[in-house]
Protein chains: 2
Amino acid sequence: MANGKTGERTAAAEAMRPHDHRDCIRRVLDEAERRASDDRVNFTPVRRHALEILLESHAAMPAYGLLKRLDADGFGSQPPVAYRALDFLIGQGFVHKVERLNAYVACMYPHEAHTPAFLICRACRSVAETCVAPTPAALLREAQATGFAIERSVMEAEGLCRACALAEGAACN
Amino acid sequence: MANGKTGERTAAAEAMRPHDHRDCIRRVLDEAERRASDDRVNFTPVRRHALEILLESHAAMPAYGLLKRLDADGFGSQPPVAYRALDFLIGQGFVHKVERLNAYVACMYPHEAHTPAFLICRACRSVAETCVAPTPAALLREAQATGFAIERSVMEAEGLCRACALAEGAACN
DNA sequence: CGCCGGAATGTTATTGTATAATAGTTGCGA
DNA sequence: TCGCAACTATTATACAATAACATTCCGGCG
């Protein structure tokens with residue numbers, strides 16, 4: 001792209017603006033492939049294809065959308081097909097669920113353990129993922145005070161990405 | 001402790017351990033009542049009763065559970081009854097949705113604007129809410145870098161509350 | 001009084017999300 | 001060849017959420 005290469009461009013910025021998305025796909029897919037063989041888990045055709053589909057864009061895809069695609073591409077047509085693939089991919093950390101949308105996105109940082117945080121555009125449903133420190137301090141403090149053992153955490157922020165904010169502003173004028 | 005009265009007891013601790021829950025109910029309900037009349041919004045019977053039901057415990061209640069209760073207590077029996085009440089209560093900030101569970105909890109801090117954060121016990125489904133700074137710094141930085149306008153955010157941590165951790169440990173021995 | 005408009009409810013129907021339960025398939029080592 | 005394990009297929013169902021429309025209640029106003 002574009003890009004600019006300043007060195008301090010953030011990940012969210014990457015996701016939200018034009019970039020060579022084939023790089024994203026290749027990079028993540030390679031990583032997944034490698035990790036899967038390392039961990040001796042089966043990266044089967046359905047699972048792989050599900051990940052490919054999710055990688056096609058940074059927008060979040062609902063389960064039944066994924067299912068429709070899998071069906072069209074010759075895999076099963078019943079819900080469990082999609083959900084099993086998703087379970088696997090989530091378990092491996094290749095995919096996150098965006099709770100707010102009941103939808104799924106490919107993880108852009110499959111290599112590092114992290115607490116995913118999302119910037120969710122309510123207009124175009126694009127989702128920018130950003131890595132966040134294992135667990136935010138405030139939360140950790142509360143948890144420790146109660147003896148609550150955090151196993152997994154997420155952050156989700158909803159709003160308007162820049163493109164949509166501009167578009168909306170235009171529409172309202 | 002129990003308790004210990006150190007003065008630094010946190011809110012999450014409050015929710016996760018025994019306490020006089022009638023105080024919670026009264027306190028929140030009073031606040032809601034007052035705020036509603038201040039803001040000149042209609043705190044109608046269904047809405048009020050829905051809040052009362054949610055206040056009965058710190059556990060998260062699914063929409064259809066609430067609906068069943070409303071029905072049993074003589075209000076409507078169709079989904080929109082529950083969802084309308086929830087929309088109102090959420091809009092007023094009296095209730096939060098716990099995305100992870102597709103369930104709803106009464107807000108324990110109806111007086112202050114805040115980003116809710118939840119400690120969700122996967123065993124007993126109890127939910128401890130803790131107030132968190134408007135928006136966590138890391139996220140805010142990302143957002144600003146992209147021109148993303150955050151309108152609303154949540155944090156959810158899943159794990160085991162102390163009681164359930166003990167119980168589970170016991171069961172496994 | 002009688003009409004109007006808005007807010008809140010009631011009702012029916014539909015779509016989307018997710019899982020339970022069960023059975024069939026494939027590959028592989030003993 | 002048997003049996004195990006992992007994966008896949010299918011049916012059915014429960015739960016979550018919203019669309020669309022009818023109805024009621026109430027306050028303001030000519």
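Reminder, nothing fancy here: chain letters follow the sequence lines and each chain counts from 1. All values below were derived from every heavy atom in this structure, side-chain atoms included, with hydrogens, water molecules and symmetry-related copies excluded.
- Rounded to whole angstrom, the span from the CG atom of A:L67 across to the P atom of D:dT11 amounts to 14 Å.
- The 5' end of DNA chain C is approached more closely, in terms of each residue's nearest nucleotide, by B:F75 than by the other of B:F75 and A:K97.
- Look at CD on A:E99: it is 13 Å from P on C:dT17, rounded to the nearest Å.
- B:F88 places its CZ atom 20 Å from the P atom of C:dG6, with the value rounded to the nearest Å.
- As judged by a 4.0 angstrom heavy-atom cut-off over every strand, A:Y104 is placed among residues touching the sugar-phosphate backbone only.
- A salt bridge is defined here as a Lys NZ or Arg NE, NH1 or NH2 lying under 4.0 Å from an Asp or Glu carboxylate O, and A:E158 with B:R152 meets this definition.
- The side chain of B:R47 lies closest to C:dA8, out of C:dA8, C:dT12, D:dA17.
- Protein atom NZ of A:K68 is 10 Å distant from nucleotide atom P of C:dT17, rounded to whole Å.
- As a whole-Å value, the separation of A:D87 CG from C:dT19 C1' is 10 Å.
- Residues B:M155 and B:F118 have side chains not in contact (no heavy-atom distance under 4.5 Å, counting atoms from C-beta outward).
- Separating the CD atom of B:Q78 from the C1' atom of D:dA19 is a distance of 14 Å, rounded to the nearest angstrom.
- Residues A:R84 and B:S77 both approach DNA chain C. Their nearest nucleotides, taken by heavy-atom distance, put B:S77 toward the 5′ side.
- Among the protein residues, B:F43 comes within range of no part of the nucleic acid, since none of its heavy atoms lies under 4.0 Å from any strand.
- Comparing D:dC7, C:dT17, D:dA16 by their closest approach to the side chain of B:Y83 singles out D:dA16.
- Nucleic acid contact for A:P80: base, since at least one base atom lies under 4.0 Å from a heavy atom of the residue.
- For B:N102, the listed nucleotide lying nearest its side chain is D:dA16; candidates were C:dG10, C:dA8, D:dA16.
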Test side chain to side chain contact (heavy atoms under 4.5 Å, CB included) on A:V95 and A:L54; report intermediate values, then the result.
CA-CA 8 Å; A:V95 165; A:L54 290 178; 3.6 Å; yes
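- Rounded to an integer number of Å, the gap from A:Y64 OH to C:dT17 C1' is 6 Å.
- When the side-chain nitrogen and oxygen atoms of A:N42 are compared with OP1 and OP2 of D:dA6, none of them lie within a distance under 4.0 Å.
- The CG-P distance, from B:D71 to C:dT9, rounds to 16 Å in whole Å.
- Just one residue in the list A:E151, A:E156, A:E99 forms a salt bridge (Lys or Arg N to Asp or Glu O under 4.0 Å) with B:R100, and that residue is A:E99.
- In this structure, A:R48 forms no cation-pi arrangement with A:F43, as its terminal cationic atom is not both closer than 6.0 Å to the ring centre and no more than 45° off the ring axis.
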